[in-house]
Amino acid sequence: MSTRVTKLCVLISGNGSNLQAIIDAVQAGRLNAQITGVISNRPNAYGLERAREAGIEAVCLDHMEYDDRASYDEALKSQINAFGADCVVLAGFMRILTPEFVDSFTGKLVNIHPSLLPKYKGLNTHQRAIDNGDKEHGVSVHFVTPELDGGPVIIQSRVPVFEEDTPSDLAERVQEQERRIYPLVLSWFSAGRLSMRNNKAVLDEQELPESGYAND
Ligand SMILES: Nc1nc2c(c(=O)[nH]1)N[C@@H](CN(C=O)c1ccc(C(=O)N[C@@H](CCC(=O)O)C(=O)O)cc1)CN2
Ligand SMILES: NCC(=O)N[C@@H]1O[C@H](COP(=O)([O-])[O-])[C@@H](O)[C@H]1O
């Protein structure tokens with residue numbers, strides 16, 4: 001019996017280190033999936049180069065070329081469907097998606113967010129953690145819902161915050177964890193172990209707690 005390979009379409013906006021971790025996991029046989037395509041909303045995203053070097057089709061849908069969010073999301077949905085996707089993977093994708101777009105991919109849309117949700121939804125999370133004098137920070141992988149960074153958490157990983165940390169020091173520490181946990185979550189999805197039901201993340205038929213699967 002042939003085992004169908006899970007199709008991933010990855011959305012980026014920048015450097016693409018999470019994309020690279022996913023590419024590396026596929027190539028190393030740690031993630032049984034095919035990356036069908038990479039889409040960036042920014043033309044200068046280095047992640048587009050990473051995809052092409054890996055032989056993966058990569059396109060830029062520049063959001064500046066669209067009149068409004070709805071028309072952009074329509075084009076984005078068409079491109080994703082052209083590539084094919086069992087899972088749409090936001091990997092540093094910096095556009096807020098319309099409810100209509102999100103609802104058309106319910107349960108098939110995941111995001112990696114650089115904070116311990118529900119703390120610090122939105123942008124500039126590392127600076128905010130430092131400004132607040134937090135002693136720990138981290139990263140969350142969650143299903144995407146219309147509520148910005150409010151979807152059910154799948155996994156979180158914590159890192160310490162040191163007195164002398166700059167936002168980039170903290171980002172580097174967080175991104176080490178990102179590169180570790182995102183391929184892990186996608187391997188769960190590809191194995192059919194992970195789903196979203198009743199707005200909850202479910203792993204191996206067990207509802208995950210609000211902070212997801214503990215993985216410090
Ligand atoms: N409907 C949803 N859309 C998106 C979600 C989500 O959970 N629900 N997650 C974000 C990812 N994200 C943080 O993890 C995030 C991305 C972008 C923004 C934002 O404010 N974007 C601005 C533009 C900012 C820029 O270009 O630098 C905007 O879209 O106007 C906040 C959080 C992805 N989308
Ligand atoms: N709100 C979304 C957000 O800030 N996402 C963050 O952008 C970075 C992208 O890095 P990458 O392009 O090297 O993967 C990652 O740290 C990711 O958590």
Side-chain angles (χ1 to χ4, degrees), residues 8-25 35 38-51 54 58 60-73 76-77 80 88-129 137-159 167-183 185-186 196 199 201 212:
L8 308 177
C9 181
V10 184
L11 309 187
I12 63 169
S13 295
N15 178 37
S17 66
N18 278 285
L19 168 65
Q20 191 64 60
I22 297 164
I23 290 170
D24 294 348
I35 301 170
V38 172
I39 305 167
S40 171
N41 69 300
R42 293 178 183 158
N44 61 347
Y46 181 63
L48 291 169
E49 185 56 34
R50 292 179 189 267
C60 175
L61 280 183
D62 185 345
H63 66 276
M64 300 294 283
E65 293 177 2
Y66 292 80
D67 293 337
D68 54 44
R69 226 173 266 278
S71 55
Y72 180 77
D73 282 8
L76 185 61
K77 180 178 173 182
I80 290 167
V88 181
V89 182
L90 306 187
F93 184 70
M94 300 303 286
R95 296 299 296 174
I96 298 172
L97 295 161
T98 59
E100 294 73 20
F101 176 95
V102 173
D103 290 344
S104 68
F105 290 105
T106 296
K108 296 169 57 173
L109 205 48
V110 293
N111 178 53
I112 192 158
H113 179 77
S115 81
L116 296 174
L117 291 170
K119 286 187 84 171
Y120 309 130
K121 296 177 181 178
L123 299 174
N124 305 314
T125 62
H126 309 307
Q127 185 67 65
R128 291 155 70 187
H137 188 46
V139 53
S140 306
V141 179
H142 64 97
F143 283 106
V144 173
T145 63
E147 181 197 347
L148 184 61
D149 301 331
V153 172
I154 300 163
I155 190 171
Q156 293 186 320
S157 186
R158 298 167 191 281
V159 298
S168 57
D169 294 332
L170 192 49
E172 191 177 329
R173 197 171 306 130
V174 166
Q175 291 191 337
E176 277 176 37
Q177 296 306 312
E178 294 183 350
R179 293 192 285 270
R180 183 174 64 84
I181 67 174
Y182 218 359
V185 167
L186 297 175
M196 186 174 84
N199 207 38

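Counting convention: from 1, in listed order, for ligands and their atoms alike. Predicted, not measured: the structure shown is a model, and the values here were computed from it.
Short contacts between ligand 2 and Ile112, defined as distances under 4.0 Å to a heavy atom of the residue, involve ligand atoms 5 (N), 18 (O). Within the listing of ligand 2, atoms 14 (O), 15 (C) sit less than 4.0 angstrom from a heavy atom of Asn18. Within ligand 1, the atoms closer than 4.0 Å to a non-hydrogen atom of Arg69 are 28 (C), 29 (O), 30 (O), numbered from 1 in the order shown. Atoms of ligand 1 lying under 4.0 Å from any heavy atom of Asp149, numbered from 1 in the order shown and given with element: 6 (C), 7 (O), 9 (N), 10 (C), 11 (C), 12 (N), 13 (C), 14 (O), 32 (C). In summary, the atoms of ligand 1 found under 4.0 Å from a heavy atom of Phe93, numbered by their order in the structure, are 11 (C), 16 (C), 33 (C). For ligand 2, the atoms lying closer than 4.0 Å to a non-hydrogen atom of Gln175 are 8 (C), 10 (O), 15 (C), 16 (O). Of all atoms in ligand 1, numbered sequentially from 1 with element shown, those under 4.0 Å from a heavy atom of Glu147 are 7 (O), 8 (N). Interface of Met94 with ligand 1, defined as ligand atoms under 4.0 Å from a residue heavy atom, comprises 16 (C), 17 (C), 21 (N), 22 (C), 23 (C), 24 (C), 25 (C), 26 (O), 29 (O).
When atom types are taken as modelled, the side chain of Arg69 and the backbone of Ile96 share a donor-acceptor pair closer than 3.5 angstrom. A donor-acceptor pair under 3.5 Å links the side-chain atoms of Tyr72 to the main chain of Leu61, judged by distance alone. In terms of modelled atom types and a separation under 3.5 Å, the side chain of Asp73 and the main chain of Leu97 share no donor-acceptor contact. Panel note: side chain His126, backbone Asp169; no donor-acceptor pair is recorded below 3.5 Å.
Distance CG/Leu170 to CD/Gln127: 9.5 Å, rounded to 0.5 Å. The CG atom of Asn41 lies 9.0 Å from the CE atom of Met94; values are rounded to the nearest 0.5 Å. Of the inter-residue distances, the one linking Leu123 atom CG with His113 atom NE2 reads 8.5 Å to the nearest 0.5 angstrom. Atom CZ in Arg173 sits 10.0 Å away from atom NE2 in His137 (nearest 0.5 Å).
Given atom 1 (N) of ligand 1, the protein heavy atom at minimum distance is Leu97 O, 3.0 Å. Looking from atom 2 (C) of ligand 2 to the surrounding protein, the closest heavy atom is Met94 SD, 3.6 Å. Protein heavy atom closest to atom 18 (C) of ligand 1, with residue, atom name and distance, is Leu123 CD2, 3.7 Å. Nearest protein heavy-atom neighbour of atom 5 (C) of ligand 1: Leu148 CD1, 3.6 Å. For atom 12 (O) of ligand 2, the nearest protein heavy atom (residue, atom name, distance) is Gly16 N, 2.8 Å. Nearest to atom 18 (O) of ligand 2 among the protein's heavy atoms is Glu178 OE2, 2.5 Å.
Neither the backbone nor the side chain of His63 comes within 4.0 Å of ligand 1, counting heavy atoms alone. For Val102, every heavy-atom contact with ligand 1 shorter than 4.0 Å involves the side chain, none the backbone. In Asn111, the part holding a heavy atom less than 4.0 Å from any atom of ligand 1 is the side chain. Counting heavy atoms closer than 4.0 Å to ligand 1, residue His142 contributes side-chain atoms (C-beta onward) but none from N, CA, C or O. Under 4.0 Å from ligand 1, the heavy atoms of Pro146 that appear belong solely to its backbone. Under 4.0 Å from ligand 1, not a single heavy atom of Thr98 appears.
Side-chain contact between Tyr182 and Val139 is absent, with no heavy atoms from C-beta onward closer than 4.5 Å.
At a threshold of 4.0 Å, the pair Lys121-Glu147 counts as salt-bridged, since one of the basic side-chain nitrogens sits closer than that to a carboxylate oxygen.
The option with the heavy atom closest to atom 33 (C) of ligand 1, from among Arg42, Arg95, His113, is Arg95.
Around the CD atom of Glu172, the shell of radius 6.0 Å holds no more than 12 heavy atoms that belong to other residues, nucleotides or ligands.
Heavy-atom minimum distance, Ser104 versus Lys77: CB-NZ, 3.6 Å. Contact between Cys9 and Ile80 at its shortest, heavy atoms only, is SG-CG1, 4.0 Å. Scanning all heavy atoms of the two residues, the minimum distance from Ala51 to Val38 falls at CB-CG2, 3.7 Å. Nearest heavy-atom pair, Tyr120 versus Ser115, reported as atom, atom and distance to 0.1 Å: O-OG, 3.5 Å.
Checked by distance only, ligand 2 and Ser17 come closer than 3.5 Å through their nitrogen or oxygen atoms. The distance criterion of under 3.5 Å between nitrogen or oxygen atoms is not met by Gly92 with respect to ligand 2. The distance criterion of under 3.5 Å between nitrogen or oxygen atoms is not met by Pro114 with respect to ligand 1.
Distances shorter than 4.0 angstrom do not occur between any heavy atom of Lys121 and any atom of ligand 1. Heavy-atom separations between Thr145 and ligand 1 include at least one value shorter than 4.0 Å.
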